[in-house]
Amino acid sequence: MEYAYPIVGFFAGMALVATSVFTAFVYTPTTTSTVDTVITAFTGVTLQVGDFLAVASVTALVFDLLATQFGVQFSLPIPFGVGYLFTHVIIYYSSLRITDVQGQPLDPNFDIRENPLRLATLSIPGALILLPASRRR
C-alpha cells in the first residue's frame, strides 16, 4: 500500500507522455493560429508533467527500495538531484525528438501503418532519446 502513490504517479505520467506523443504525431502545427498554439502548448505541458510524474515515481521507488531492501541510504538531496537531472535531460531530448516526429507526417515517404508499434514505443518516457536524429537537409 505504501507504493500506491508512486505506482499511480508512474502510470499517470506514462499516460500523459503517451498523450503528448500521440498529439504530436497526429497534428503538426503549421501556422501561428490560436489552435496551433493551443495544441503546441498542450503537447509541451503534457510531455513535461508526464515525464516529471514518471521519473519522480521511479526515483522514489528506486531510492526507497535501496534503503529498505539493501540498507543503502542517501541524504535527501541525492534523490532530488537524480530525479531533477533525469527529468530535465529526458524532457530536453524528448522535445527535440517530438520536433522530428512532427515533421514526419509531412514526409510523403513516411507511413505509420508500416510500423504501428513505433507510436507505442515513443510513448515510453525516455524512449524518444533512443530515436536517431533525423537527417537535416
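Computed from a predicted structure; not experimentally measured.
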Just how far is it from atom CD of Glu2 to atom CG of Leu61, taken to the nearest 0.5 Å?
9.5 Å
Is Phe10 reachable from Leu65 through a run of I, L, V, M, F, W or Y residues, each pair having side-chain heavy atoms under 4.5 Å apart?
yes
Inter-residue atom distance Gln48.CD - Ile90.CD1, 0.5 Å rounding
12.5 Å
Same hydrophobic cluster for Val8 and Val62, using side-chain heavy-atom links shorter than 4.5 Å among ILVMFWY?
no
Sequence neighbours excluded, the answer for side chain to side chain contact (heavy atoms under 4.5 Å, CB included) partners of Leu16 is Thr46, Val49, Leu53
Donor-acceptor pair, Thr43 side chain versus Thr23 backbone, under 3.5 Å?
no
Any Ser33 side-chain heavy atom under 4.5 Å of Asp36 side chain
yes
Residue pairs meeting side chain to side chain donor-acceptor pair (under 3.5 Å), one or both in residues 57-70, sequence neighbours left out, come to Tyr3-Asp64
Correct closest heavy-atom pair for Gly50 and Val17 would be C-CG2, 3.6 Å
Going by atom type alone, with no hydrogens or angles, which donor-acceptor pairs under 3.5 Å involve a side-chain atom of residues 73-89 and a protein atom two or more places apart or on another chain?
from: Thr87; atom 1: OG1; to: Gly83; atom 2: O; distance (Å): 2.7
from: His88; atom 1: ND1; to: Tyr84; atom 2: O; distance (Å): 3.0

Please go through Phe52's hydrophobic cluster and name the other residues, only I, L, V, M, F, W, Y counting, with side-chain heavy atoms under 4.5 Å joining them.
none
So Val72 and Phe63, side-chain contact (heavy atoms from CB on, under 4.5 Å) or not? Walk me through it.
CA-CA 9 Å; Val72 179; Phe63 279 95; over 6 Å; no
Linking I/L/V/M/F/W/Y whenever any side-chain heavy atoms sit under 4.5 Å apart, do Val45 and Val21 land together?
no
Which residues satisfy the side chain to side chain contact (heavy atoms under 4.5 Å, CB included) test with Thr32, sequence neighbours excluded?
none
Set of side chain to side chain contact (heavy atoms under 4.5 Å, CB included) partners for Thr34, sequence neighbours left out:
Val38
